[in-house]
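This report concerns only the one structure given below.
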Amino acid sequence: MWMGVAGTITLWTCLICSVLTIGAYGLSLMRPAYRKPVLLGRALYTVCAIAMLATFALLGAVVYTKTVGGLYRYEYAFAHTSNDLQGFYRIAATWSGQEGSFLLWGSWTAIIGFLVFAKAGRYESRVMPFFVTVLTFLSLILIAQSPFKLIPGLSAADLAKNPGFLPFPHDGQGLNPSLQNYWMTIHPPTIFFGFASLAVPFCYAVAALIWKDYEEWTPRIMPYALLTCLTLGIGLFMGGYWAYETQGWHGFWAWDPVENASFFPWLAITALVHGLVVQKDRGGMAKTTTFLGLLGFWLFLLGTFLTRSGALSGNGADGQMLSIHAFDNIAKSGLVLMVAMLVGYGVLGLVLWAWRFRSIPARKTTGDSLLSRDFAFFIAVVLMVVACAIVTFGTTWPLILSWMHKAPSALKPTFYNRAMLPLSVITALMMGIVPWLAYRKTNSEAFLKKMLIPWFVMLAFGFFMLFWVMNAQHDLQATHDVQAAAGVDDPAWAEKASAWINPAVQRISVMGLASLGFLAALSNSMLAFKVFRSRKPLAAGGWVAHVGIGLLMIGAITSNTFERTMRFVVAENGGPVEAFGYKFEFEKFTGRAREAFPKNPDYDATNAVEIRVTPPAGEGTTDASGSRTFIVNPKWFVYNLNTASSEDALQRIRWPHIRKYFGHDLYVGYANDPQFVKHVITLKKGQPVTAGPYTFLYAGNNVQGLEQGGRSISADLQITAPDGKVVRTNPSIMLTPTGEGDSAGMAQTHLNVAVPELPDENNVPSVVYLDTMNADNGEATFKFSLPQAKGTWEVPLEVTYKPWVNLVWVGVIVMGIGVFLAMVRRALEARKISDGPLATGASAGAVRYSESSLESGLDLDDVTNGSGVNGAQSNARNGNGKSGNVPAKSRRPKAPTRP
Amino acid sequence: MNKMYIIAFLVIGGALGFTMWSFSSSLTPYVDVKTARKTNTPVQIRGIILRDNAHQVVRDSKKNALRFWIKDQNQEEIEVVYYGAKPDAFDAAPGTAAHGYVRHDAETGRDIFASDSLIVQCPSKYNDVKYKDAMYKQTASAGK
């Protein structure tokens with residue numbers, strides 16, 4: 001099979017070229033005057049990158065191409081795709097397995113490498129050798145655990161025994177149905193781009209440490225750090241939305257270990273971004289920013305190791321799922337290489353940083369005043385590093401437990417919610433006041449005066465929140481009571497339920513955090529608005545991002561704390577059932593028509609029931625026919641997890657119907673599979689009974705032994721239709737031995753029998769079913785659904801009212817826009833870095849910034865401080881030596897232009 | 001400068017202290033069924049799910065609850081009543097952990113474990129690639 005061979009060749013090419021690239025760039029470092037080694041390095045890198053991309057394309061071809069009997073000999077294709085997989089899912093199947101996701105990581109790394117050497121300028125030879133090592137490791141891992149592994153196949157002897165068999169499977173297992181979702185096509189590529197881009201800050205930090213150049217790395221790395229923040233953030237958002245749309249995945253964020261493994265690198269990079277602003281502005285925090293640059297990538301390596309090694313994605317020692325994400329197991333050699341990456345990059349970073357620790361220039365990080373923007377940035381870094389540490393600790397806890405030889409178990413969301421709450425409160429407060437703070441020192445009178453209006457608006461919001469919270473709490477309690485009265489919820493749960501914190505404290509924290517989030521959104525939007533109208537509109541990026549976070553906090557805390565759920569049954573012939581003011585009524589079953597004997601027609605693919613909902617008075621639009629109602633159609637899908645093995649492993653996926661409103665979401669899903677309830681009739685042998693338009697005669701029965709043990713009991717049932725036609729059916733019960741030891745018994749399987757002679761309308765099957773048979777008195781009970789005596793549906797629904805959850809999505813989008821603006825701004829600034837001779841060591845302080853980059857360092861976006869303090873203080877920056885070569889005179893005219 | 005560091009350490013110290021408290025207070029112990037029967041506060045139990053005729057998995061459609069039996073390591077059995085939607089992986093799961101408490105059920109007259117959350121076990125065959133004979137069978141469409 002040429003694809004596999006080609007793939008192995010490309011992987012080896014990638015590996016060898018990556019090593020040669022390191023050599024070429026190393027040569028250019030030793031001989032900086034010559035251009036040739038750099039060009040050689042670029043050429044070799046290009047070959048290496050293209051080889052990685054080609055490998056990815058080859059795996060894609062293996063997975064995508066539809067040929068019968070041919071490509072399923074590749075184990076990857078067999079495990080992840082099948083003949084009936086459509087369109088984009090065939091492409092997405094490429095990255096649904098271990099090896100494919102490594103290739104996705106490698107491909108993005110390869111592409112990003114082109115960006116790096118194009119933009120690195122004189123830093124190319126310093127950064128590229130380290131960057132390429134990522135591709136070296138990845139190609140090694142993929143050589144060790146090849147994506148092109150072949151299935152052993154059937155031997156000649158087996159083929160002889162089974163004529164008509166192919167040596168290799170002619171169809172694949174297919175993509176896991178829970179991954180057959182449009183998110184599978186966009187979430188992994190986006191988040192892996194974010195992961196791959198983490199290597200850039202790492203390499204630049206290494207270069208900065210080795211060559212002792214801490215000044216220039218700042219403007220160069222800013223756009224990359226923001227790119228990571230943006231793409232990794234969007235990837236996380238996509239994952240969250242996917243989880244939200246899927247019933248049973250605990251909402252948009254469950255502090256699941258695998259979710260956290262993508263989140264803690266993001267926290268490190270966001271801390272880096274804030275630290276870089278400080279460093280750009282004052283020159284301080286150099287130790288911190290270099291450390292964070294190294295940490296981001298290393299934390300990603302840690303997270304990916306925890307996920308892929310099975311430490312988080314497998315089962316705990318007692319067998320429970322540690323995480324809702326599950327991945328294939330990695331081969332031992334791959335695991336060893338991942339550990340090598342962790343240790344290698346970790347040791348490199350740590351040793352370098354520790355070695356250079358003393359020589360990293362320490363400059364004043366903040367002014368003398370606590371009430372200053374510098375201090376706010378400093379605190380921001382501290383808060384995010386602490387949050388990162390907490391999440392990392394929580395995520396590695398199962399691993400720590402297994403090292404201590406205890407049964408691993410994941411920490412519950414309760415832990416994270418509690419631990420992060422005070423941090424979130426302080427963060428929201430800081431975000432709320434920082435737009436009103438000046439650099440260096442804020443005149444406290446001016447500050448208080450400026451904060452007066454936003455503060456009062458926040459208090460007004462706080463009052464509103466107070467009433468809202470009291471109301472929401474009351475509604476929540478009412479829902480519990482109704483459910484308990486219906487026997488649907490355990491009566492004592494309202495008290496015993498483990499709220500993640502004392503309920504009164506929880507209510508106060510919701511009010512507090514929501515109000516502070518509101519203040520953050522308000523303050524930052526006021527400042528962003530002003531900046532947009534100034535000369536540097538792009539400088540509004542950071543403030544816009546904070547607006548997004550404020551909104552996100554409000555949405556997250558209110559929807560998570562006060563969402564309420566009701567479970568009830570909607571029966572086909574029953575009346576409407578009311579929940580949260582909405583009335584739910586059965587409309588129709590829209591699943592596929594059931595299949596005939598012998599399959600159990602309850603298990604069918606992509607079923608759906610339509611429920612007609614009447615919204616509360618005053619809500620909803622009236623359509624042409626004058627009705628305000630709308631249809632919700634949640635779906636359920638039952639599939640056999642293990643199509644390849646002889647044993648069934650049935651799983652179900654439920655797709656809820658989410659109806660979005662401005663202030664809430666109505667989330668309608670199934671509490672259990674809808675049941676088709678048939679009519680019941682008890683017959684005595686030989687005695688015909690007329691029920692409705694039909695006459696039933698239980699004529700006889702039959703008991704047969706079964707090959708695999710047990711027996712089959714069937715009944716001979718004759719049905720006389722209204723038109724006189726007589727139909728004979730044989731519904732049966734299968735008794736098969738099951739279980740072992742103590743739990744051994746006989747499993748009963750009732751086989752529904754379709755009655756094709758009595759034709760039915762679409763989707764309403766005619767079935768007959770033997771319920772019980774009593775040999776003693778000759779009675780048998782049957783259940784049936786026939787065209788003129790139809791069964792009815794009973795649909796158990798789980799409806800959740802989620803208040804203000806859409807603020808979460810709006811917040812994330814606004815944050816993304818803000819980060820994007822900031823990234824563009826810093827990328828444009830990075831362009832203006834003059835490309836003189838490389839700065840090293842002590843002369844780093846004399847790096848010449850062009851006028852405009854210095855201008856940005858002054859942060860003219862500080863337009864809210866009318867006291868003019870900034871103008872006077874900015875001259876004091878001469879002391880840190882950064883702006884030494886720019887005449888002070890040129891800066892003074894800028895002060896009066898500030899509004 | 002010193003002020004900054006003091007404040008930073010206060011923030012870090014406070015956060016870490018609070019973290020440790022959250023950590024210890026959020027751990028719900030795993031207990032066996034015998035202890036669960038005696039405890040009044042929410043606990044977690046775990047065991048294998050029994051699926052034979054004497055211990056059937058029943059969907060209580062009136063209450064929208066799932067009733068099933070589990071047997072723990074000490075061979076003690078208890079019926080679990082889970083108020084919630086049946087977890088997707090339940091049918092294939094060999095065992096599960098359940099968070100809840102034991103109470104007396106008036107209807108059936110025995111003690112049951114009222115649960116509000118289940119963590120089901122993944123079927124061990126999830127990741128094994130096994131080939132059913134049918135996969136090798138040449139079909140009419142083969143060779144097209």
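Below, read A as the first sequence line, B as the second, and so on, with proteins coming before strands; counting in each chain starts at 1.
- Listed by chain and residue number, A:Phe584 satisfy the ring-ring contact (aromatic ring centres under 6.0 Å, His included) test with A:Phe568 (two or more places apart in sequence, or in another chain).
- Each of A:Phe393, A:Trp255, A:Trp397 was scored for a ring-ring contact (aromatic ring centres under 6.0 Å, His included) with A:Tyr416, with one residue passing: A:Trp255.
- When the candidates B:Leu66, B:Ile12, B:Ile48 are compared by the number of heavy-atom contacts under 4.5 Å with chain A, B:Ile12 comes out ahead.
- Nearest heavy-atom pair across A:Thr565 and A:Glu798 is CG2-CG, 3.5 Å.
- Side-chain rings of B:Phe23 and A:Phe415 approach one another, their centers coming within less than 6.0 Å.
- The part of A:Leu797 that comes within reach of chain B is its backbone (N, CA, C, O), which places non-hydrogen atoms under 4.5 angstrom from that chain.
- Considering only heavy-atom pairs separated by less than 4.5 Å from chain B, the leading option among A:Ala419, A:Ala389, A:Gly669 is A:Ala419.
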